[in-house]
Asker: 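Quick one: structure below, then a few questions.
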Amino acid sequence: MQEDKHEAIMELAKRRGFFWQSYEIYGGVAGFYDLGPLGVRLKEKIISLWREFFVKKHAHIVVEIETPIIAPARVFEASGHLEHFTDPIVECLKCGRKFRADHLIEEKLGIKAEGLSIEEMTKIIREHDLRCPVCGGPLSDVKLFNLLFKTTIGPYSSNTGYLRPETAQGMFVSFKRVYEVSRKKLPLGIAQIGRVARNEISPRQGMLRLREFTIAEIEFFFDPEEPVSDDMFHELLDQLPRRKIRILTVEAKKRGEEKPFEIDIEEAIRERLILTPWLGYWMAVAQEYMHALGIDYDEMYFDEKAPEERAHYSAQTFDQLVRVSRYGWIEVSGHSYRTDYDLSRHMKYSGEDLRVFKQYKEPLVVKKKHLLWDKAWIGRTYRSRAREIFEALSRMNPEEVLKQLEEKGYLEIAGAKIPKDRIKVIEREEKITGKRFIPHVAEPSFGVERILYAVLDHAYTVKDGRVVLKLPRLVAPIDVAVFPLVKDENIIRVARKIWLSLMNNGFYTIYDEEDSIGRRYARVDEIGVPAAITIDYQSLEDNTVTLRDRDTWEQVRIHIDNVVDAVRDFLRGASLDDIRHKYG
RNA sequence: GCGGCGGUCGUCUAGCCUGGACUAGGACGCCGGCCUUCCAAGCCGGUGAUCCCGGGUUCAAAUCCCGGCCGCCGCACCA
């Protein structure tokens with residue numbers, strides 16, 4: 001066996017067809033991977049388990065949608081991605097360091113450079129002979145680094161489109177409609193699983209940093225003043241098998257801590273280590289999800305990102321890290337508190353009101369001060385300027401008006417003087433039936449390919465010199481293998497019948513009669529097939545077959561008529577003992 | 001983008017320094033056959049590499065030189 005597990009996994013992935021680099025015959029292109037037959041199956045199962053954990057089990061508060069990969073430029077102007085994704089960069093030709101060109105110019109020369117073209121900035125650098133602030137070397141021309149893939153929509157090149165770098169904007173842009181069809185309830189999670197593209201400068205590390213990949217994420221919208229009712233929250237928390245998570249906070253890191261500590265979700269929220277309950281809740285779900293994929297609890301934790309490490313929209317971010325053999329701790333999901341940033345931006349850029357209305361149980365009756373002014377007098381006195389004055393008055397705070405009138409005896413406004421007796425402040429009762437607000441958002445976001453890699457890394461084991469992929473039964477790409485013990489006509493006949501019936505009952509099934517039985521077991525162990533049904537000579541006598549467990553290599557004998565049910569139970573987690581008792 | 005190392009059958013690799021008997025060797029895999037009553041058994045036969053791409057040097061290039069692509073590691077970057 002190879003010493004390096006990563007090498008071994010990459011080799012296995014290529015040889016057996018999980019994944020390989022794209023465009024191989026043209027020399028390959030960095031950051032792109034093909035999924036092979038087994039990879040597609042594995043990924044599909046990883047996704048369907050995600051859907052199980054995040055959507056199905058939360059069907060009362062989460063819905064799933066699908067939106068396009070290509071979006072008009074406006075969307076990413078609003079989201080801030082165009083601004084934050086396009087950096088003018090200069091490189092030192094001597095030491096190779098890179099700098100934000102606009103920042104460097106502002107800092108060193110005191111010239112406002114924001115918004116200047118790259119040519120203008122290059123010109124400024126040349127004219128002032130700006131040099132590398134670190135080593136004093138000469139600087140390159142200013143280049144634009146934009147991680148958004150650009151394209152055009154339709155035949156006109158002016159109609160710019162971008163490939164989304166996250167699925168999130170789809171949920172924000174369509175929030176109003178989804179909220180509407182979900183009968184205007186909060187909290188509301190909108191989930192989406194889809195492909196995204198990021199034009200990384202130098203993708204590395206195989207499947208871990210791709211230019212095109214799949215994200216599974218939820219934008220979870222809630223009322224910031226009343227994120228969740230206690231009842232609902234406890235109902236959800238009580239369903240978690242484990243309420244503790246391992247986290248490493250920025251605060252702890254500042255103290256020099258390097259190891260995460262364990263804390264109850266509720267406590268973390270109460271202590272304000274996690275800024276909003278929903279962020280914490282979804283982190284706990286993420287923990288369960290990764291655990292179901294075969295990652296031990298102590299092989300993962302949540303790492304809080306420092307403000308400068310966070311994305312532009314985030315008020316708090318935790319990365320879910322999982323340990324893998326080669327790279328150490330890698331990020332498989334990010335959990336960000338996006339506040340009302342995205343919806344506010346889309347309100348501003350689209351002009352749509354994306355606020356939600358929440359009706360109070362009882363309308364609030366508040367006494368409110370109102371300003372009344374003598375329109376006739378003001379009109380007569382100020383004539384054509386009256387309209388302007390009215391508008392200014394309507395913007396005034398009654399309390400302040402009272403104060404001014406008190407102090408000066410008149411109100412000075414819009415260049416006019418209005419005497420005390422022309423203005424009245426009255427108190428009126430108002431019924432407030434509810435409030436309008438911009439929901440806040442907690443976002444759990446998963447990189448599916450990274451999960452896929454982490455799952456393989458954790459499943460990969462070597463037993464007696466043979467590779468056994470101990471994938472959780474639920475995510476194994478192939479469910480069950482059917483083998484005739486030897487190439488005996490009668491045995492083969494029975495085996496093929498069982499194979500067909502398993503296939504017709506929804507299992508991904510392999511049938512193999514080539515080579516020795518040991519070799520066939522080895523072949524399916526290597527790709528993680530959890531169960532193998534073997535038909536032998538005894539089968540011909542008493543209609544029983546054996547079910548073999550990939551992980552223990554133990555077998556139990558069951559009746560042929562029970563094969564489908566037994567395999568189903570086994571895949572759902574039944575032990576061989578369970579199977580023996582039920583079907584043996 | 002910079003620096004270091006690397007790229008040979010499906011996979012892993014030998015050969016490269018020191019150019020030529022390399023018709024590029026091996027192992028595993030894969031395909032066909034024989035054998036086989038439960039864990040990569042054995043035997044026989046077969047398949048498979050324009051040596052990453054392009055250019056150059058040379059009588060002659062897998063081998064030397066240049067450029068590109070790709071990979072890994074470090075730096076930089078990283079929603």
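Chain letters run A, B, ... following the sequence lines, proteins first and then strands; every chain starts at 1.
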Asker: Are Y301(A) and W329(A), when compared by the centres of their aromatic rings, separated by less than 6.0 Å?
Answerer: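 Here the rings of W329(A) and Y301(A) have centres that are less than 6.0 Å from each other.
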
Asker: Touch check for G334(A), heavy atoms < 4.0 angstrom, all strands: base, sugar-phosphate only, or nothing?
Answerer: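 The residue G334(A) makes no contact with any strand.
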
Asker: Can you tell me, in whole Å, how much space there is between the P of C16(B) and that of C64(B)?
Answerer: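 That atom pair is separated by 10 Å.
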
Asker: What's the OH-P distance between Y26(A) and G54(B), to the nearest Å?
Answerer: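 Between P of G54(B) and OH of Y26(A): 13 Å.
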
Asker: Output the rounded distance in Å from CG (D515(A)) to P (A40(B)).
Answerer: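 Distance check: D515(A) CG to A40(B) P gives 12 Å.
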
Asker: Of A311(A) and Q205(A), whose nearest nucleotide on RNA chain B comes first from the 5' end?
Answerer: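 Its nearest nucleotide being more 5', the pick is Q205(A).
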
Asker: When the C1' atoms of A60(B) and A41(B) are compared, how many Å lie between them, rounded to an integer?
Answerer: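 About 48 Å, rounded to a whole number of Å.
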
Asker: Taking C17(B) as the reference, what is the distance to G55(B) when you measure between their P atoms (whole Å, please)?
Answerer: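 It comes out at 22 Å once rounded to the nearest Å.
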
Asker: Between E24(A) and F32(A), who's closer to the 5' end of RNA chain B by nearest nucleotide?
Answerer: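 Counting from the 5' end, the first nearest nucleotide belongs to E24(A).
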
Asker: Can you tell me how far C1' in C70(B) sits from the matching atom in C39(B), rounded to whole Å?
Answerer: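 Taking atom C1' in both C70(B) and C39(B), they lie 39 Å apart.
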
Asker: Would you say C38(B) has OP1 or OP2 under 4.0 Å from some side-chain N or O of T534(A)?
Answerer: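 Answer is no, no contact under 4.0 Å.
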
Asker: Between V441(A) and D340(A), does a side-chain contact (heavy atoms from CB on, under 4.5 Å) hold up when you go through it step by step?
Answerer: CA-CA 6 Å; V441(A) 169; D340(A) 61 359; over 6 Å; no

Asker: Tell me which nucleotide, if any, is Watson-Crick or G-U wobble paired with G71(B) when both distances must be under 3.5 Å.
Answerer: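 Pairing partner, where one exists within any strand: C5(B).
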
Asker: I'd like to know if R520(A) reaches the base of C39(B) with its side chain, counting only an N/O donor and acceptor under 3.5 Å.
Answerer: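 It does not, because no donor-acceptor pair links the side chain of R520(A) to the base of C39(B) below 3.5 Å.
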
Asker: For K463(A), does the NZ atom sit with more than 12 other heavy atoms under 6.0 Å from it, leaving out its own atoms?
Answerer: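 Buried by this count: over 12 neighbours within 6.0 Å.
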
Asker: What is the distance from CG of D319(A) to C1' of C78(B), rounded to the nearest Å?
Answerer: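 So the two atoms are 11 Å apart, to the nearest Å.
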
Asker: Would you mind reading off the distance between E11(A) atom CD and A27(B) atom C1', rounded to a whole angstrom?
Answerer: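 My rounded result for the distance is 13 Å.
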
Asker: What contact category does G80(A) fall into here, base, sugar-phosphate, or nothing, at under 4.0 angstrom with non-hydrogen atoms?
Answerer: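 Since no nucleic acid heavy atom lies under 4.0 Å of G80(A), the category is nothing.
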
Asker: When rounded to the nearest Å, what value does the distance between P atoms of U63(B) and C52(B) take?
Answerer: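 The same atom, P, in both gives a distance of 8 Å.
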
Asker: Would you mind pulling out the nucleotide paired to C12(B), Watson-Crick or G-U wobble, both distances under 3.5 Å?
Answerer: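 Checking every strand shown, C12(B) finds its partner in G26(B), with both distances under 3.5 Å.
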
Asker: Roughly, in whole Å, what's the span from CG in D4(A) to C1' in C5(B)?
Answerer: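 Rounded to whole Å, this separation is 15 Å.
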
Asker: Using ring centroids (six-membered ring only for Trp), state whether F483(A) and Y521(A) fall under 6.0 Å.
Answerer: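 Ring centres of F483(A) and Y521(A) closer than 6.0 Å.
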
Asker: Mind checking the P distance from G68(B) to C30(B)? Whole angstroms is fine.
Answerer: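 The same atom, P, in both gives a distance of 41 Å.
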
Asker: Heavy atoms under 4.0 Å, any strand shown: does Y327(A) hit a base, just sugar-phosphate, or nothing?
Answerer: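 Here Y327(A) touches the backbone only, sparing every base.
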
Asker: In whole Å, what is the span from the CD atom of E514(A) to the C1' atom of C34(B)?
Answerer: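 From E514(A) CD to C34(B) C1': 13 Å.
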
Asker: What's the gap between C69(B) and C28(B) when it is taken at their C1' atoms, as a whole Å value?
Answerer: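 These two C1' atoms come out 29 Å apart once rounded.
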
Asker: Output the single nucleotide from U36(B), A40(B), C38(B) whose closest atom is nearest the side chain of Y521(A).
Answerer: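 The nucleotide sitting nearest to the side chain is C38(B).
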
Asker: For Y313(A), which contact category applies under a 4.0 Å heavy-atom criterion: base, sugar-phosphate, or nothing?
Answerer: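 The residue Y313(A) makes sugar-phosphate contact but no base contact.
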
Asker: Kindly label the base of A76(B) as syn or anti, based on whether its glycosidic torsion lies within 90° of 0.
Answerer: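 Judged by the O4'-C1' to base torsion, A76(B) sits in anti, the angle falling more than 90° away from 0.
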
Asker: On a plain distance test, is the side chain of Q21(A) in donor-acceptor contact with the base of C70(B) below 3.5 Å?
Answerer: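 Answer no: no donor N or O sits under 3.5 Å from an acceptor.
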
Asker: Taking atom types as they are modelled, is there a donor-acceptor pair under 3.5 Å from the base of C39(B) to the side chain of R548(A)?
Answerer: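 Donor-acceptor pair under 3.5 Å: yes.
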
Asker: Taking the side chain of Q555(A) as its heavy atoms from C-beta onward, which of C39(B), G71(B), U37(B) lies nearest to it?
Answerer: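 Of the candidates, C39(B) comes closest.
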
Asker: Whom does G54(B) pair with, Watson-Crick or G-U wobble, provided both distances fall under 3.5 Å?
Answerer: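 For G54(B), the partner nucleotide comes out as C66(B), under the 3.5 Å rule.
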
Asker: Rounded to the nearest angstrom, tell me the gap between atom CD1 in I25(A) and atom P in C51(B).
Answerer: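 Whole-Å distance recorded here is 16 Å.
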
Asker: Which one of W50(A), F446(A), W278(A) satisfies the side chain to side chain contact (heavy atoms under 4.5 Å, CB included) criterion with I218(A)?
Answerer: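 For I218(A), the side chain to side chain contact (heavy atoms under 4.5 Å, CB included) check succeeds only for W50(A).
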
Asker: Does R326(A) reach a base, just sugar-phosphate, or nothing at all? Heavy atoms under 4.0 Å.
Answerer: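 Since only primed, P, OP1 and OP2 atoms lie under 4.0 Å of R326(A), the category is sugar-phosphate.
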
Asker: Parallel, tilted or perpendicular for H312(A) and Y341(A), by the 30°/60° rule?
Answerer: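 Ring orientation, 0 to 90° scale: perpendicular.
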
Asker: Can you tell me which nucleotide in C38(B), C70(B), U11(B) comes closest to the side chain of T546(A)?
Answerer: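 Per side-chain heavy atoms of T546(A), the pick is C38(B).
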
Asker: State the pairing partner of G45(B); accept Watson-Crick or G-U wobble contacts with both distances under 3.5 Å, and report none otherwise.
Answerer: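 G45(B) is paired with C31(B).
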
Asker: Return the nucleotide paired to A21(B): Watson-Crick means purine N1 to pyrimidine N3 with N6-O4 or O6-N4, wobble means G-U with N1-O2 and O6-N3, both under 3.5 Å.
Answerer: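 Pairing partner: none.
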
Asker: Indicate, yes or no, whether a donor-acceptor pair under 3.5 Å links the base of C39(B) to the side chain of R523(A).
Answerer: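 Answer is no: no donor-acceptor pair is held.
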
Asker: Taking all non-hydrogen atoms of both residues into account, name the closest pair between S344(A) and I438(A) and its distance.
Answerer: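 It is OG-CD1, 3.6 Å.
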
Asker: Expressed in whole Å, how much space separates the P atoms belonging to G6(B) and C43(B)?
Answerer: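 Per the computed distance, 38 Å lies between those P atoms.
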
Asker: Check every atom of U11(B), A41(B), G71(B) against the side chain of S516(A) and return the nucleotide holding the closest atom.
Answerer: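 When the side chain of S516(A) is considered, A41(B) is the closest of U11(B), A41(B), G71(B).
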
Asker: Hey, does the side chain of R519(A) come within less than 4.0 Å of G29(B)'s phosphate (OP1/OP2), counting only N and O?
Answerer: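 For G29(B), OP1/OP2 do have a side-chain N/O of R519(A) under 4.0 Å.
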
Asker: Donor-acceptor pair, K253(A) side chain versus E304(A) backbone, under 3.5 Å?
Answerer: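 It does hold such a pair.
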
Asker: Nearest whole Å is fine: how far is C38(B) C1' from I517(A) CD1?
Answerer: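 Answer to the nearest Å: 6 Å.
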
